Amino acid sequence: MATNPTTKKPAADAAAEETAEAVTETIPARPGRKTAPDPDVVGPALPAGTDPVAVTLAHHHTIDGTDYPPGAKLLVSPDYAHRLRGQGYVTPA
């Protein structure tokens, strides 16, 4: 009968080594999200010479780290309004 030449550590020794290591690294806390104030224009910047478009959100959405609930009325650039409509975030006009 052949013997296995590999040397494995017993399970008790492996567990003792893992718990002996001290964890010294701490993870910084995630910054809290801001609630939506009455903003001027949110999202990407307006191109020169264009007027913002008013939209009403159909779903919860976060823009630049600020939470906006469904029904929030926002002013956004025309291009961003088009993208939000295409993704289903804006109520049909």
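Predicted model only: the values in this text are computed from it and were never measured.
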Between Leu74 and Tyr68, is the side-chain contact (heavy atoms from CB on, under 4.5 Å) condition met? List the steps. CA-CA 9 Å; Leu74 307 174; Tyr68 296 95; 3.4 Å; yes
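Formation of a donor-acceptor pair under 3.5 Å by the Ser77 side chain with backbone atoms of Tyr80 is found in this model. Thr91 places a side-chain N or O within donor-acceptor distance of the main-chain N or O of Thr56, the cut-off being under 3.5 Å.
Proximity of the aromatic rings of His61 and Tyr89 is defined here by a centroid distance below 6.0 angstrom, and this criterion is met.
Contact detail for His59 and Pro70: the closest heavy-atom pair is C-CG, 3.9 Å. When every heavy atom of Ala81 is checked against every heavy atom of Val76, the shortest pair comes out as CB-CG2, 3.7 Å. Listed here is the closest heavy atom pair of Pro78 and Leu46: CD-CD2, 4.0 Å.
At least one side-chain heavy atom of His60 sits less than 4.5 Å from a side-chain heavy atom of Asp67. At least one side-chain heavy atom of Arg85 sits under 4.5 Å from a side-chain heavy atom of Val53.
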